[in-house]
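For reference, the structure is listed below as structure tokens.
Letters A, B, ... are given to chains in the order of the sequence lines, protein chains preceding strands, and every chain is numbered from 1. Values in this document were obtained by computation on a predicted structure and should not be read as measured data.
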2 protein chains.
Amino acid sequence: MTETRVERKERTRRAILDAALHLCEDSSLVALSLRQVAKEVGIVPTAYYRHFESIEALGLALVDESFVSLRAMLRDVRRGDGATGGAAGGYAGIVDSSVSILVEHVHQQRQHFRFIARERAAGPLSVREAIRHEIELCERELATDLARLPGTEEWSGDDLRVLSNLIVTAMVATAESILAVSGRPDVEKQLAENARTQLRMVLVGALHWRSKP
Amino acid sequence: MTETRVERKERTRRAILDAALHLCEDSSLVALSLRQVAKEVGIVPTAYYRHFESIEALGLALVDESFVSLRAMLRDVRRGDGATGGAAGGYAGIVDSSVSILVEHVHQQRQHFRFIARERAAGPLSVREAIRHEIELCERELATDLARLPGTEEWSGDDLRVLSNLIVTAMVATAESILAVSGRPDVEKQLAENARTQLRMVLVGALHWRSKP
DNA sequence: GCTGTGGGTGCACAGTCGTTCACCGAAGTC
DNA sequence: GACTTCGGTGAACGACTGTGCACCCACAGC
């Protein structure tokens, strides 16, 4: 029954992260006070310093944590085991399952996605930079995935990067839209269908694309 | 030399808007205090209430003002008089000049674009909704423009809307990137070129697209 | 079992916050 | 010229902010 000291500390740290994530649901990190977090956790303000030296440091930890969720999603997308079963195959199958996986993960990790979407533009400078860097990594990953797809053999590295940037941008926007309409399943279905259409349009463009020498 | 009373009031109101815009360059509206704005303007906090009843109301005014800038840009894009001179014509010419106009306007109205980019995700609820609504109007405008382009005769209204959503999303992302790298002209040139490539890819996709019945 | 480390407490401080109120004085009205 | 309107002032309030300091006490290592 007794807790070891490191367990106890880790539990409080988790509680702080969760509290911040909860408070960030309808505001931004820059409008979050150390005392609010402490009150939400149930500790005294000064005890906060035992875990983080500032709100900004908390933000960076949340970025790390959130991108664990995001990478888990990318892993699922790469495996291609979406709601459609994956039996469809081909580009259409990839598009359908990828968007399904996106929608699913946005629901399961709503707080993480919301945090990233908001702090990407509004957070402290270091947080914004950290998020931008992580997204750039995601784009690179996607670019190498795209390079393995049939039809992109003659593409330049630049074009692959530009294409994956476009796709990531569109998917980030889709995630933001889904978060914005949270609670209206019919509208959400429509957003997912729009995202699929956009991906198909982009893919049609890609298949007819020839990189300049 | 004497100022009429309404002129004087309008001048202070302008000063408040400018001060808020300036303070929002490296933070968000939700982290902005009435007193900061007042101090920046050079008036006492209570005088602020003569012009706006809250920071949120100020935000809504800034949204209106910012979208005047954005609409001016859209008008230029529609006229197609970009830096390339417009003589090129055809899709390539449209793409080149449109992106040039975007870059140009982002520079000229840096504060407005930055404000919209940030508060779109982080502002008070009413501000977020106002921005979302305005962007949706821009998408509709673009959709009607696209409908006039040769090659989209058989497109469904849905597909036109989805396509313009994709294009607007990509251009918003481009504007955000340009703001993020502010001050590095070489990187910015690259971003603009990437945006042009993305638009071309999307257009290639669109030209080979056939709407489902 | 004694000692020391470290998470958590309580108090205090100097600021800042939004908002109230009574008041001033110049521009506007009659 | 007398009267009103209204943008701006200055003091004051209660609440909240980040942070420093001394302290407590359960767990850790000896």
Side-chain angles (χ1 to χ4, degrees), chain A residues 1-62 119 122-127, chain B residues 1-62 65 118-119 122-127:
Chain A
M1 193 56 200
T2 62
E3 257 179 334
T4 171
R5 199 132 76 173
V6 293
E7 284 173 349
R8 173 84 186 164
K9 177 160 188 178
E10 180 54 31
R11 201 162 62 95
T12 306
R13 185 189 148 95
R14 243 293 27 102
I16 292 178
L17 291 169
D18 287 340
L21 233 26
H22 177 241
L23 291 172
C24 276
E25 277 182 26
D26 42 24
S27 184
S28 160
L29 205 60
V30 294
L32 193 63
S33 78
L34 182 155
R35 289 180 111 101
Q36 281 176 44
V37 178
K39 177 174 286 185
E40 177 88 5
V41 174
I43 59 176
V44 96
T46 41
Y48 173 91
Y49 290 109
R50 305 289 185 191
H51 303 273
F52 300 98
E53 69 171 355
S54 65
I55 288 289
E56 191 168 326
L58 210 192
L60 291 175
L62 286 175
E119 306 311 329
L125 180 59
S126 64
V127 170
Chain B
M1 193 59 200
T2 62
E3 257 178 335
T4 172
R5 199 133 78 173
V6 294
E7 284 172 349
R8 172 86 187 164
K9 176 159 189 178
E10 180 54 30
R11 200 163 62 94
T12 305
R13 185 188 148 95
R14 247 286 34 97
I16 292 178
L17 290 170
D18 288 340
L21 233 26
H22 177 242
L23 291 171
C24 275
E25 276 182 28
D26 42 23
S27 184
S28 162
L29 205 61
V30 295
L32 192 63
S33 79
L34 183 155
R35 289 180 112 100
Q36 282 177 43
V37 178
K39 177 174 287 184
E40 178 87 6
V41 174
I43 58 174
V44 95
T46 40
Y48 173 91
Y49 289 109
R50 305 289 186 193
H51 303 273
F52 301 99
E53 69 172 355
S54 64
I55 289 289
E56 191 168 327
L58 210 192
L60 291 176
L62 287 175
E65 179 173 299
R118 185 165 287 155
E119 306 312 329
L125 179 59
S126 64
V127 171

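- Closest non-hydrogen pair, Glu40(B) versus His22(B), comes out as OE2-ND1, 3.0 Å.
- Applying the 3.5 Å distance criterion, the base of dG6(C) shares no donor-acceptor pair with the side chain of Arg50(A).
- Separating the CZ atom in Arg35(B) from the OH atom in Tyr48(B) is a distance of 13.5 Å, to the nearest 0.5 Å.
- If you check dA28(D), dG8(D), dT9(C) against the side chain of Thr4(A), the one that comes closest is dA28(D).
- Going from atom OG of Ser28(A) over to atom CG of Leu29(B) covers 11.0 Å, rounded to the nearest 0.5 Å.
- Taking atom CD1 on Ile16(A) and atom C1' on dG7(C), their separation rounds to 11 Å, with Å as the unit.
- Each end of the helix from dG1(C)-dC30(D) to dC30(C)-dG1(D) yields a helix axis from five base pairs, and these two axes differ in direction by 20° (to the nearest 10 degrees).
- Taking CG of Leu17(A) as the start and NE2 of His51(A) as the end, the distance is 10.0 Å to the nearest 0.5 Å.
- Comparing dG18(C), dG10(C), dT17(D) against the side chain of Arg35(B) picks out dG18(C) as the nearest.
- To the nearest angstrom, C1' of dC16(D) lies 9 Å from NZ of Lys39(A).
- Nearest to the side-chain atoms of Leu34(B) among the listed nucleotides dG18(C), dG7(C), dT5(D) stands dG18(C).
- dG7(D) atom C1' lies 14 Å from atom CD of Glu10(B), rounded to whole Å.
- Residue Ala47(A) places its side chain closer to dG8(C) than to any other of dG8(C), dG8(D), dG18(C).
- Closest approach of Leu58(A) and Ala20(A) over heavy atoms only: CD1-CB, 3.7 Å.
- One can place CG of Leu58(B) at 12 Å from P of dG18(C), the figure rounded to the nearest angstrom.
- Nearest heavy atoms, Gln36(B) versus Ala31(B): NE2-O, 4.0 Å.
- Atom CG in Leu32(A) sits roughly 12 Å away from atom C1' in dT17(D) (whole-Å rounding).
- Comparing Arg5(B) and Glu53(B) against DNA chain C, the residue whose closest nucleotide sits nearer the 5' end is Glu53(B).
- Both Val6(B) and His51(A) lie close to DNA chain C; mapped to their nearest nucleotides by heavy-atom distance, the more 5′-ward contact belongs to His51(A).
- The two atoms that bring Leu60(A) and Ser126(A) nearest to each other are CD2-O, 3.7 Å, heavy atoms only.
- For Tyr49(A) and dT9(C), the OH to P distance is 15 Å, given to the nearest whole Å.
- Residue Ser33(A) has its side chain nearest to dT17(D) when only dT9(D), dT19(D), dT17(D) are considered.
- With dG8(C), dG10(D), dG20(D) as the choices, the nucleotide that has an atom nearest any side-chain atom of Thr46(B) turns out to be dG10(D).
- Summarising the geometry, the separation between CD on Glu40(A) and P on dT17(D) is reported as 13 Å, rounded to the nearest angstrom.
- The distance between atom OH of Tyr48(B) and atom P of dT20(C), rounded to the nearest whole Å, is 14 Å.
- At a threshold of 4.0 angstrom between heavy atoms, the contacts of Ser54(B) with the nucleic acid are absent.
- One finds the CD1 atom of Ile16(A) at 12.0 Å from the CZ atom of Arg50(A) (value rounded to the nearest 0.5 Å).
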